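For reference, the structure discussed in these notes is given below.
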2 protein chains.
Amino acid sequence: MESKDIKEEHGKQNIKLAVDCSIFTVIDGELHILLIKMKEKLTDLWALPGGLINNNETADSAARRILNQQTGVSDVYLEQLYTFSELKRDPFDRVISVAYFALIPAESVVLQTNPRYEDVRWWKMKELPKLAYDHKKIAKYSQKRLKWKISYTNSAWSLLPEEFSLSQLQDIYESILEKKLDKRNFRKRILGLKIIEPTDKKSTFGAHRPAMLYKFITKKPKIIEII
Amino acid sequence: MESKDIKEEHGKQNIKLAVDCSIFTVIDGELHILLIKMKEKLTDLWALPGGLINNNETADSAARRILNQQTGVSDVYLEQLYTFSELKRDPFDRVISVAYFALIPAESVVLQTNPRYEDVRWWKMKELPKLAYDHKKIAKYSQKRLKWKISYTNSAWSLLPEEFSLSQLQDIYESILEKKLDKRNFRKRILGLKIIEPTDKKSTFGAHRPAMLYKFITKKPKIIEII
DNA sequence: CCAAAAGTGTTAACGCTACACCCATGT
DNA sequence: ACATGGGTGTAGCGTTAACACTTTTGG
């Protein structure tokens, strides 16, 4: 066998490191993602919240900082998704990006961007605008992961308020999985998992029978087959 | 609500980007991982094969290149695992590392390192030597992913030769999952999945009844509940 | 003929799916 | 009283888990 080539460039590494965040919520039975509108470059395109990692922070803390600065969102459970390293994913620079994703209840947050961006808002996943960089790819990949997570873990709690009805919970599942579920079987399954428990309250909304409100027993991440 | 702080450092980003590879195999019913022995710095510690990404390559191609240069291993299906970004994970520099992992049949490869390293060899996961950097953490994390993968996908093919007996296959599962499986149920399950088919050959090894040899119908990655 | 691994079915328990009607409220 | 979503049980089916003996070969 021939001896190993060692061709390493001895010039300086010239790659920038960024993070991008796919933040999801469900509004009116539809899955939405949080986007910011570009201003200084790539004007009028929308993008996932994201930016460069500082020298003294981990990728996780960069993601939290940048998300907060660009959208006002804080205190979310961010999960690392994938690292995107295609050569031309950023047209200006060589940038490798660590993507994160998270789920939040839409009503829990006041969206607010900073002067560097023109706007921030929720977009339906089914009606995405034109996205900058490779962010469409990242968004689609995130959505795949989301379907997996909601099916196999108790992570749905992070899309709901503290107390919620079983119908609200089922609506989350149907929105993300994009299919209808049987009401009786869904309830049997969820209650059997012992991950939620009834409160003593009832919802008093609308012209119909009030719904019992439930809450999650624990929010510690758990792997559990749900659907 | 107060206006958003924008505290970004405007000094240059000074973070290096590397890849590390967890390469697994099963030898004599025991899970092993491929390690190289350090020479120039961190002398006498062992480490996962890894190094810096070049300016003109993706993380994936860097992983393939570096793995080949440092161990002689080529043509493997590398899967991205996680990106490790702790501040002090490398004692000399700020380095963020994209970890990859792969499975190979041990007998398919001739291990050969290069002059920068002192040695390369397989180590039992149960008897790891002292590892450099945060590589112990990466190795353990890889092992968790491996258990998942072997349970829920057809990836076991990459640990076996072209043709193999059902007992060899079961041995792979038992070694990785670290538990015994029922022979009859295992065979029923695997054959029912239609992912392998019999060849017309039999193994002629040892003082016992010869085993029918099987091969994988396809090696395309598939998600299938196996165990 | 002995040791060693290969090969082979059945049963009982459990979990999943499909399915339709009554209840409590607001207007 | 009616419109709206909330709430409930069962039967049939398929899947899984537990379990032990016979077969084929080499030495």
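Source: prediction; values computed, not measured. In what follows, chains carry the letters A, B, and so on, assigned in the order in which the sequence lines appear, proteins first and then strands, with residues in each chain numbered from 1.
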Query - Nucleotide interval of DNA chain C bounded by contacts with chain B (heavy-atom cut-off, under 4.0 Å) - result: C:dA3 to C:dT10
Requested in this report: Assess whether atom NZ of A:K215 is packed by more than 12 heavy atoms of other residues, nucleotides or ligands within 6.0 Å.
Outcome: no
**Report entry** Whole angstrom value for the distance that separates P of D:dG9 from CZ of A:R184
**Finding:** 10 Å
Report task. Would you mind reading off the distance between A:L166 atom CG and D:dT8 atom C1', rounded to a whole angstrom? Result -> 12 Å
Query raised in the report: A:L213 CG to D:dG6 P: how many Å, rounded?
Result: 11 Å
Query raised in the report: Taking atom types as modelled and ignoring hydrogens, do the side chains of A:S158 and A:S155 form a donor-acceptor contact shorter than 3.5 angstrom?
Result: no
Query raised in the report: Nearest-Å distance, CD (A:Q168) to P (D:dT4)?
Result: 20 Å
Query raised in the report: Can A:S203 and A:S165 be counted as having a side-chain donor-acceptor contact under 3.5 angstrom?
Result: no
Query raised in the report: Over how many whole Å does the gap from B:M212 atom CE to D:dT24 atom C1' extend?
Result: 13 Å
Query raised in the report: Taking the nucleotide of DNA chain C with the closest heavy atom to each, which residue, B:K188 or A:A207, is nearer the 5' end?
Result: B:K188
Report summary line: To the nearest angstrom, the CZ-P distance between B:R187 and D:dT16 comes to 18 Å
Report task. Please report, rounded to the nearest Å, how far the P atom of D:dG6 is from the CZ atom of A:F205. Result -> 10 Å
Report task. Using a 4.0 Å heavy-atom cut-off across all strands, classify B:S167 as base, sugar-phosphate, or nothing. Result -> sugar-phosphate
Query raised in the report: Within this structure, what is the CD1-to-P distance between A:I190 and D:dT8, rounded to whole angstrom?
Result: 15 Å
Query raised in the report: What nucleotide, of D:dT24, D:dG9, D:dG7, holds the atom closest to the side chain of A:A211?
Result: D:dG7
